[in-house]
Every structure is written in structure tokens, then in C-alpha cells.
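Encoded as C-alpha cells, the structure appears first; notes follow it.
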Amino acid sequence: MTTTYLITGASEGIGLETARLAVASGAAVLMVARDPERLLAAANTLSGPIRPQIEAVDLSDAGALDAFLAERDRLGYMPDVLVNNAGHGASGAFVDAEWSKLDALLRLNVQALARLSHWAAHGMKQRGSGKIVNLSAAVATRPTPFFAAYAASKAFVTNLSIALDSELRGFGVSVSAIHPPAVRTGFAGADKANLGGTLLLTLFPSVGPATVARAVMRTVRQPRRSVNVGPIAAVVMGTAPIMPRGLDLAFMTLLFKRRRAAA
Ligand SMILES: NC(=O)c1ccc[n+]([C@@H]2O[C@H](COP(=O)([O-])OP(=O)(O)OC[C@H]3O[C@@H](n4cnc5c(N)ncnc54)[C@H](OP(=O)(O)O)[C@@H]3O)[C@@H](O)[C@H]2O)c1
């Protein structure tokens with residue numbers, strides 16, 4: 001039987017590499033992102049027995065997301081695997097950020113992920129099988145000054161995933177939160193999370209998107225509630241509960257407060 005995947009944010013970065021592995025494994029993949037041309041170009045780089053499908057949707061637009069899900073319901077479509085990967089970042093002081101940027105981040109990282117998880121959990125529970133893999137981040141368990149809304153959004157992703165996995169035990173459905181460290185994608189760029197000029201990127205080695213994609217695929221094969229990608233994510237996640245809060249906040253400020261304006 002062919003496995004079906006719905007992967008959000010699949011036109012570049014982690015989502016594209018995950019789609020690449022899923023397509024190569026013989027799965028039928030539906031790739032979602034906003035820009036239809038980039039999505040088509042990305043899909044054309046993938047090779048496997050089944051041509052991936054693409055759908056351009058702005059997931060941060062609740063109406064567009066509702067329409068997308070209504071159409072899937074009309075078609076009787078419920079994937080075997082949902083990878084909630086699309087996400088935005090926003091570095092800098094929360095108070096100085098444009099509200100529209102924070103609002104878009106929260107609508108995508110929190111609202112859309114919750115809506116998609118709710119839709120899939122419902123359909124998968126009825127069917128008695130399915131896997132939901134949610135891209136969180138290694139900062140998920142740490143309040144992070146100068147990356148505050150992003151880290152808080154990922155705390156939501158991790159806590160929702162773990163709680164939902166527990167609720168769905170016994171119904172054949174797993175929910176996993178993936179915690180990558182910094183990843184070499186366009187995510188940190190000036191037009192996106194804008195992490196240039198932070199000590200985070202200077203001090204800590206990043207991993208490639210294919211490394212995270214392999215962790216996603218391993219999780220699909222062997223579901224776990226919480227997955228840390230590599231040793232840095234394991235240390236960041238593992239030390240969070242034992243770090244004195246004041247020290248932790250000072251450390252996270254050091255890592256995330258920009259030393260200079262991003263180039
Ligand atoms: N990169 C890192 O350092 C890092 C570290 C830890 C966790 N993560 C998490 O991993 C996930 C993927 O990150 P990445 O680095 O691969 O990101 P990325 O390279 O910036 O790619 C983001 C993808 O999401 C799509 N997207 C953005 N906004 C969207 C929207 N409103 N609706 C639908 N699709 C949208 C983008 O395509 P369009 O622009 O065409 O929509 C693109 O395909 C995110 O959840 C991120 O928080 C990343």
C-alpha cells in the first residue's frame with residue numbers, strides 16, 4: 001500500500017528535504033507552501049515512482065486553510081503522515097517588532113499547526129491509524145529573550161504534540177515533536193527570522209536540512225513523542241529543566257541579542 005504524506009512548507013529547507021526522502025521512498029506526497037512557482041520548481045527536483053502533488057496555500061490565512069481542508073474532506077483525503085513543518089521566526093525585541101510580523105508568526109506556528117493537527121487527529125483517530133510530526137525547535141522549553149514569540153510558539157508546538165500523543169494512545173495515532181538546533185536553510189535570513197549578527201550562529205554549529213529530514217523519516221518509522229536532532233539540541237533540551245532561570249535568561253539573551261544589524 002502506498003503511504004501518503006502531507007508536508008507543509010515543502011518548497012525549501014527541511015520540508016523540501018523531507019519531501020525528497022518521502023518521494024524517494026515511494027510515498028504519494030502532497031507539498032504545500034505559498035509560492036506556487038517555487039513549489040513547482042521544488043517538486044520538479046524530486047524523484048520517485050509517484051509524482052508529488054503541489055498546493056499553494058497561505059496557511060496563516062485561516063479562511064484559505066479552512067477552504068484547503070474542506071476540499072481535502074470533499075475528496076475523502078486523509079494522509080497517513082502529516083508533517084507540520086511550515087514556520088516563521090522573528091528575532092529582536094518583542095516590543096520593537098512590527099505586530100504584523102508577530103501576528104503572521106503566531107497564525108502560522110500556532111494557529112495553523114493546531115488547526116491541521118486537529119483536522120488530522122480527528123480523521124486519523126476515526127480511521128485508527130496515522131502519524132503527525134510537528135517541527136518544533138530546541139528552544140521550545142526555554143523562554144528566549146529577543147526570540148520570544150518564536151520560542152513561545154514552539155513551546156506550544158511541543159506541549160500540544162506530547163499531550164495529543166498521550167490522548168491518542170490506543171487509537172493507532174502518534175504525534176511527535178521534532179527539536180532541531182540551528183539548521184542551514186533560508187530561515188535565519190534578513191527577510192525571515194533575521195538571526196544574522198547573533199552569537200547563536202557564531203558559536204554553535206548548525207546542521208543541514210537533510211539531517212533534520214532524516215530524523216523526521218526515522219520518527220515516521222518509529223514514532224517517539226519528543227525527538228532531539230543531534231547533540232546540541234539534546235543538551236539544550238536536556239538542561240532546560242535544571243538551569244536556574246536567571247542564568248538561563250542571561251545566557252539566552254547573550255545568544256539571541258543581535259550584536260550588529262544583520263547584513
Ligand atoms: N532553520 C532553523 O534553524 C530551524 C531550527 C529549528 C526549527 N526550525 C523549524 O523547522 C521548520 C522549517 O524550517 P526551515 O528552516 O526549513 O524554513 P524555511 O527554509 O524558511 O522554509 C519555510 C517553508 O515554509 C513555507 N511557508 C512559509 N510561510 C508559509 C505560510 N504562511 N503558508 C504556507 N507555507 C509557508 C515556505 O514557502 P513559501 O514562502 O513559498 O510559503 C517554505 O517552503 C519551521 O517550523 C522552523 O521553525 C528551523
Side-chain angles (χ1 to χ4, degrees), residues 6-20 30-43 45 52 54-65 67-69 83-91 100-101 103-113 115-117 133-142 144 147 149-158 161 176-196 198 200-201 204-213 215-216 227-230 232-233 236-237 255-256:
L6 168 53
I7 304 175
T8 69
S11 61
E12 60 181 311
I14 297 166
L16 174 57
E17 294 313 311
T18 305
R20 193 182 307 288
L30 176 56
M31 302 165 69
V32 173
R34 285 170 302 181
D35 184 326
E37 282 171 19
R38 222 143 33 98
L39 204 43
L40 181 61
T45 69
I54 58 170
E55 191 76 36
V57 188
D58 181 351
L59 298 171
S60 63
D61 176 338
L65 177 51
F68 169 74
L69 295 180
V83 182
N84 272 315
N85 165 77
H88 282 316
S91 89
S100 59
K101 186 157 189 184
D103 187 36
L105 182 156
L106 295 171
R107 280 187 279 117
L108 181 62
N109 297 15
V110 175
Q111 185 72 24
L113 181 135
R115 176 80 175 94
L116 280 156
S117 297
V133 180
N134 291 332
L135 264 292
S136 183
V139 292
T141 52
R142 303 183 104 113
T144 304
F147 210 27
Y150 176 79
S153 76
K154 294 302 187 182
F156 175 87
V157 172
T158 292
S161 304
S176 307
I178 309 284
H179 303 103
V183 188
R184 290 186 294 278
T185 66
F187 175 85
D191 56 332
K192 293 192 173 184
N194 197 14
L195 285 163
T198 63
L200 172 82
L201 296 189
F204 289 100
S206 51
V207 300
T211 301
V212 185
V216 170
V227 175
N228 302 325
V229 182
I232 289 176
V236 174
M237 290 290 291
L255 286 185
F256 283 89

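Counting convention: from 1, in listed order, for ligands and their atoms alike. Basis for what follows: all heavy atoms, side chains included, without hydrogens, waters or symmetry-related copies.
- The side-chain contact (heavy atoms from CB on, under 4.5 Å) search around Ala152 returns none, not counting sequence neighbours.
- Considering every non-hydrogen atom in both Asp191 and Lys101, the closest pair reads O-NZ, 4.4 Å.
- Side chains of Leu135 and Pro180 form a contact here, defined as non-hydrogen atoms less than 4.5 Å apart.
- Taking 4.5 Å as the limit, some side-chain heavy atom of Phe204 sits within range of a side-chain heavy atom of Leu255.
- Remark: Ser117 engages Asn84 in a side-chain hydrogen bond (donor to acceptor under 3.5 Å, both in side chains) (not counting sequence neighbours).
- Annotation: ligand 1 has protein neighbours Gly9, Ala10, Ser11, Glu12, Gly13, Ile14, Ala33, Arg34, Asp35, Arg38, Val57, Asp58, Leu59, Ser60, Asn85, Ala86, Gly87, His88, Leu108, Leu135, Ser136, Ala137, Tyr150, Lys154, Pro180, Pro181, Ala182, Val183, Thr185, Gly186, Phe187, Lys192, each with a heavy atom less than 4.0 angstrom from the ligand.
- Listed by chain and residue number, Asn134 satisfy the side-chain hydrogen bond (donor to acceptor under 3.5 Å, both in side chains) test with Ser161 (two or more places apart in sequence, or in another chain).
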